[in-house]
8 protein chains.
Amino acid sequence: MKYVENLLKDYKNGKISQKKVIEEIKSLPYKDIDFARIDHHRALRQGFPEVVYCPGKEADEIVGAIKEIKDKNHIVIATRADQDIADHVMDKLPDSIYHKKARIISYGKFPKPAAKNYALVITAGTADIPVAEEAIITLKAAGIKTKTLFDCGVAGSHRIFKEVDLILNASAIIVIAGMEGALASFIGGLSSCPVMAVPTSVGYGASFGGVTALLGMLNSCASCVSVVNIDNGFGAACIASMIVKQSR
Amino acid sequence: MKYVENLLKDYKNGKISQKKVIEEIKSLPYKDIDFARIDHHRALRQGFPEVVYCPGKEADEIVGAIKEIKDKNHIVIATRADQDIADHVMDKLPDSIYHKKARIISYGKFPKPAAKNYALVITAGTADIPVAEEAIITLKAAGIKTKTLFDCGVAGSHRIFKEVDLILNASAIIVIAGMEGALASFIGGLSSCPVMAVPTSVGYGASFGGVTALLGMLNSCASCVSVVNIDNGFGAACIASMIVKQSR
Amino acid sequence: MKYVENLLKDYKNGKISQKKVIEEIKSLPYKDIDFARIDHHRALRQGFPEVVYCPGKEADEIVGAIKEIKDKNHIVIATRADQDIADHVMDKLPDSIYHKKARIISYGKFPKPAAKNYALVITAGTADIPVAEEAIITLKAAGIKTKTLFDCGVAGSHRIFKEVDLILNASAIIVIAGMEGALASFIGGLSSCPVMAVPTSVGYGASFGGVTALLGMLNSCASCVSVVNIDNGFGAACIASMIVKQSR
Amino acid sequence: MKYVENLLKDYKNGKISQKKVIEEIKSLPYKDIDFARIDHHRALRQGFPEVVYCPGKEADEIVGAIKEIKDKNHIVIATRADQDIADHVMDKLPDSIYHKKARIISYGKFPKPAAKNYALVITAGTADIPVAEEAIITLKAAGIKTKTLFDCGVAGSHRIFKEVDLILNASAIIVIAGMEGALASFIGGLSSCPVMAVPTSVGYGASFGGVTALLGMLNSCASCVSVVNIDNGFGAACIASMIVKQSR
Amino acid sequence: MKYVENLLKDYKNGKISQKKVIEEIKSLPYKDIDFARIDHHRALRQGFPEVVYCPGKEADEIVGAIKEIKDKNHIVIATRADQDIADHVMDKLPDSIYHKKARIISYGKFPKPAAKNYALVITAGTADIPVAEEAIITLKAAGIKTKTLFDCGVAGSHRIFKEVDLILNASAIIVIAGMEGALASFIGGLSSCPVMAVPTSVGYGASFGGVTALLGMLNSCASCVSVVNIDNGFGAACIASMIVKQSR
Amino acid sequence: MKYVENLLKDYKNGKISQKKVIEEIKSLPYKDIDFARIDHHRALRQGFPEVVYCPGKEADEIVGAIKEIKDKNHIVIATRADQDIADHVMDKLPDSIYHKKARIISYGKFPKPAAKNYALVITAGTADIPVAEEAIITLKAAGIKTKTLFDCGVAGSHRIFKEVDLILNASAIIVIAGMEGALASFIGGLSSCPVMAVPTSVGYGASFGGVTALLGMLNSCASCVSVVNIDNGFGAACIASMIVKQSR
Amino acid sequence: MKYVENLLKDYKNGKISQKKVIEEIKSLPYKDIDFARIDHHRALRQGFPEVVYCPGKEADEIVGAIKEIKDKNHIVIATRADQDIADHVMDKLPDSIYHKKARIISYGKFPKPAAKNYALVITAGTADIPVAEEAIITLKAAGIKTKTLFDCGVAGSHRIFKEVDLILNASAIIVIAGMEGALASFIGGLSSCPVMAVPTSVGYGASFGGVTALLGMLNSCASCVSVVNIDNGFGAACIASMIVKQSR
Amino acid sequence: MKYVENLLKDYKNGKISQKKVIEEIKSLPYKDIDFARIDHHRALRQGFPEVVYCPGKEADEIVGAIKEIKDKNHIVIATRADQDIADHVMDKLPDSIYHKKARIISYGKFPKPAAKNYALVITAGTADIPVAEEAIITLKAAGIKTKTLFDCGVAGSHRIFKEVDLILNASAIIVIAGMEGALASFIGGLSSCPVMAVPTSVGYGASFGGVTALLGMLNSCASCVSVVNIDNGFGAACIASMIVKQSR
């Protein structure tokens, strides 16, 4: 840090005032760095392009954001897009696709998934499938091979045992469940890889919009379970894609 | 209700004032009944003698209550008794017994359990056993045959399958679990009788002293599960004893 | 488990690799079981056919599920069906019936209720009746004789005493109440059979959509009360039907 | 408000600066009042001397406060006093009395209660009695005739009917209950005067230290019930004393 | 209770079976009472006719209930009625009146308020006025003289001091406030009569639909404040009417 | 307080009754002050004219309030105005302006901001901008120079460092963030002036409508952070304007 | 499933009763499997031996459990052990070691960590270190190379940048923070691998024993963050060890 | 950023591998900055030396931290120190002083407070004084003139009016209150400077350890009120000191 040494010399020699020195020193550590490029490096750093989160953005802002990211990436996805937003985007970007259940707009070509290792997406009930679809499209955009097991509620646990090999051989598992969220503990007790649990807002009354499932998953007696926000299929898929990529 | 007819006649004839009539009518439905005996009939009505709930009572009040109930019953139990209370009671009533893990004092002779039909008490972990003991002593005092399955957490679900006959043949099941409470859903999916779920205060952090288990059990995807208060092994046993008795 | 013995022999003799053995052993306990039939046996096991829970399912999925279950059962019910779903189902399955207050679609012939023993359904107020209807149709589908006591709020407790015989002779009681939910304790103090308490979302302000009633019921000073989720008339009826059947 | 008129005249005549005027006007409404006497008039205004609330005060501060109030009143009470505080106060003020269950220190002579009209204090269980005692001593200090009904839980509702006249003739009723707090609704349905409900911290698990009782009471289906803070027997007694005094 | 004596004699003499005796004894305390008249006496007992609470009732049920009560009372009110319900009722009962802000339908002639003593209704802000109107119409239906002070938020406390006589001379005060609900404490510190605090759902964010105001009022440092449910202007008015009537 | 002295003399001399004296003394401290002018002095006291808060007011009431305040101020703002209200106001007051994103109606001329010192408004994401606009218009109405930094979420912390001088030289900072609200701590660690944190209702699931951000901000490890209500851009701006004014 | 075919044939031929067939079919899917060995295979399946969780177990039970697991593993750890438990265990198993800050007892030889790839454990403050120690000992027992960064609170974010290479090269990161938990988002924005966030109970007031940190982490704006229970350093380490092992 | 240009040239010329380039680019923005000095500049930046927060630190760590900070500052304070910690520190640093009520250890010479402008600290009750002391010592350490108003609960609002000049002339006000926290709104309505509200854990029952006061303050109807964590007198004082310093 030559700059600081010179600064202090100048001060001692009376070239600059004490006030000037203090001011410079205060802001020093944050200055003089070219951050401009950092955002486009995110794909390198996290194995994933930046994603457009739609809520709170206007349709034209979303179109603009998609186009900007697309310039430096093969594929962009925009999450939590409702039908109106999707119609607007598809109108402006005719090659974009709206994955309705997943509420995702994709723009660009999905990469070919690597042959080796896969993420497994498991849901407790039919109503959890939209969240699963959000995870699946996200994994697809990250180039991850993905397998699925739908409608495996813990009250019908025998259904799961037929598929135990699928569970035992996965590199990362996403468990998606509402109500009491017990499926995460159950799968966690069988699996040999990390389980990302996604509580869903499925349920009524004392399910409190997913809070009960969330709490249940956080208290899982299986030690390989970690949890993301309610209905956050996207986040679980980001983590799963990192794990699967590292495992190859 | 002759009384009312006479009352009104007297009023018409001027024997009593209007004010008097109104006063009488107001309180009428609640008067003139001998409720004194009702409490001793509880054993007849609910198949269970009155129980002494210790917290908030002084040691001598508990001794007095036990003796009073004992006069009309073969056995009395006092629940949630800590060691100090127990020492005091056993000092005053030398034939009483303190079931330490269950925190129950019993006084009198346990009835011989009926040979037919049984209640099954299942716990998720070692730390849930005190609540299970409360349930077991209570069932014993009610003359119910009881079987147990301890340490069957859902993350080790295979342990349960060995005992599936025990589950399928029970007349009532009590499932006792802390943390995420998923065991209730799991057992509920296998059983063919009502499941009384008892959340326990076992756990830490986001288990919130049993609230998470409680919420999980209330949201059970298995439709035969109902829930009692946190750590309420006694209540679950009361209901189970009613069900088993009716099933004989 | 001959298979394991042979497996290990083969390994010792060099016929299979160590890796192969470990892989086999890992998945062993869950393999080679024919679970396919289990679901259709649910009616045998729990005295109740599978039920279609409508929320989160599309109309055609519901029609498909109803038809599939109906093939192996005399009657199917689909719960929490709104008018749109009901119209669609009745269009596709002209013999189906929509029980509007109960929000249940039934398809098939209700069984003749057994003459002996009955479940009693009690509500605190007029607004609790839809939940009661859900319970009543469910009990009817299970072939349970059902009696009702509507509009018995605890603040008008004298109304209940006229019907005390109805309460004392029931085999199972379902109490449905919103606001403070005190009716469950009150009935629990009179009854001689298990009481399934259903909190309802009836109320405003600090009733918190049924949470206050739920908490009140969980803390009932009557020891024969257990609780199901808010507005869960269906679940209470399932448990009541099990108890009544066992009591015959 | 001559002062303001003069102030403005002086300003126009240049005697004072604009700044001075603005400053004066800003604080005007709050100035020049002799508040000094107001606190000693509280007994006149609310029919009750100031009370010393002990928590957070040191023992000597409490002694000082008691003495200061006593100078202008016949009786002083200090609430929520634990044994240590009480010992210290009784050491310094030998005529003071410690009402242990009520956790109240009284100093001075209790007034003779008025013969006419009474407050009724009802508790659900034995454990609620300390809160009741706090209310009873407070009422006594206010010169209110007080009657009591202890141990009247709603699950044993028949016990109450024997005493219905006591309820119907009261001028104010205090209902003290923990657990589900249903007693408030029940009494509210029978009474013809205001009911002050006091939730207590009696209970365990989902009673949440009195919150469940509090919520239940706030949602009472009886329209004459209002609620004070958990364990606040003192507050309920203050209100009851006002009502009884006004009713004479 | 001659009946019981005879019952037991008959049993000893073999005229009736043991089973019969037990059955009779179980239901004894609740039998043989004529509750039929009790509901029409409510007006006598609580100084107020029964009221129709509209939510959860269908329009025709409401019309029916109003007519039935009207037969025995001069005036009926139906609370929480929305415009649709009101239109239907006014169509069927042309003499009924819809008090729109209060959401109350009245049917019959309001009594002339007693000249002596009054209830005072105070609101913190403009948005609290609908709840105040509910209280005012209710008081009017009960024949209580009513005065009002609107828009007196604590942050402009000086506004209140001008009206301090109105506060000091009231027999009962209803304070209606949302947000932090501090007005209740402030008025409680000035008043010499009971204060019924009504939290309102006015506010946003951390006001949690009135919960913050509710909690603030329950913790009031003024000892004459009790609280009713959020937005429950009706309940506060019922209690105030009782107090004012007793104070005459 | 001559008045009191005379009052007591008159009493001693028998000119007035004891009752009269007590009555006078009770209300004394609050009497005889001219509060009428106080509200128009608010602009002097807090450097800010009174503001019209729209929710719960009818359109005409809002127009009336705006006009009344405008008479004594250069500019009035009305906050939380939706489009319907705005249309009505602009129709009646054609010179008023609707700032749509900020949901503020302004009427009158914005003051020229002082050249010296500025408030800095920082948002975490695009969706937080409406709250920021509410703060910005409010600051503008108070004559405060304002700078902005939008879309600076903590997960992309490097973006902030480029602007560290802007942060270090501000006199007051408003940080607006939803989700986890971590931006407040981050900025608080860099800034040398008070930080007003505004949690927003941006987010989903366990963001609980802004509660998570609120709690995070309250627990900030940076000691210069204080917090206002969820989405309360207006309040944060009021405080910031006071600080900036004092700092000049 | 020959067994079932034979069963039905036997039934048709009258060799067994219908009741017998139904009973067999009910329990069929769960029967006849040798689960006995499954627990000892856990080390194979999850790369980790079974661990003894101490709370709720008596000292001798813990000793027994440790010995039993040790027979089949090189190392056993017992978590959440307080000093008393540790003293007892070390007395009975003299070679065991008590890691006091981590509250872990280890028994046996820690494996040599693999040279390749490491987990990084980061804490926000000094008070979070015990939870970090629990994670570190757990990782050590699993043979994972571990690096640490302590005392990196987000309010002093510049401290972290010096260590950015450590973050960028990790295979799994554990972030441990109390109070607002913002560190997880901050690290998540820099890292290229999964981040396991552990909220701690460090803090006071509105930190609610870790709930605020927990909620903040669940709402992280960084998409690679998942969360475990409050203070659950052990669970985070289990997941991290799985990820690091897979990444080799 | 010459470095990056050279880096890419070297890559094109084959001097370094592609992998090397990517690695360098990833970490680039965070490298090569001398953060070492930043912490000692905190006193310059925020007008306050670093403070030692004691909880979770061992006594010797605290002594070490105090000494290290003292080397570069005239005064150090250590907050939330209990008696044991204080004894240990005073033993090791004989010149240190323990301010017991404030739970602060100071070491070094308090600066002479500036003559101009002051902070005002107001408490609602006696029990809030320890939090006030924490604020006062903190302000003293920052060289701020401080005035106090103790025991000014809103239910005795007239006490405050005598001191209205003290309020109107302050540069920053700290309001400290438990229970319902209404004092913040009340003072906020009178003051002309920012009010930092500190909720305290004073109260019982539904005060929830300060949460009710916290919520009340966040919903204050006075627009100049912002809030810090429960019992956080230190934080409020830090902000107040910044405001007072800027105002000089």
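Note that this is a predicted model, so its numbers are computed, not measured.
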Would you mind writing out the side-chain donor-acceptor pairs for residues 58-65 of chain E within the sub-3.5 Å range, not counting sequence neighbours?
from, atom 1, to, atom 2, distance (Å)
Asp60(E), OD1, His88(E), NE2, 2.8
Glu61(E), OE1, Glu58(E), N, 3.0

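Heavy-atom neighbours of chain F within the stretch residues 199-206 of chain E, taken at a separation under 4.5 angstrom, comprise Tyr204(E), Gly205(E), Ala206(E).
Pairing each heavy atom of Ala127(E) with each of Gly56(F), the nearest pair is CB-CA, 3.7 Å.
Environment of NZ in Lys101(E): crowded, with over 12 heavy atoms of neighbouring residues, nucleotides or ligands closer than 6.0 Å.
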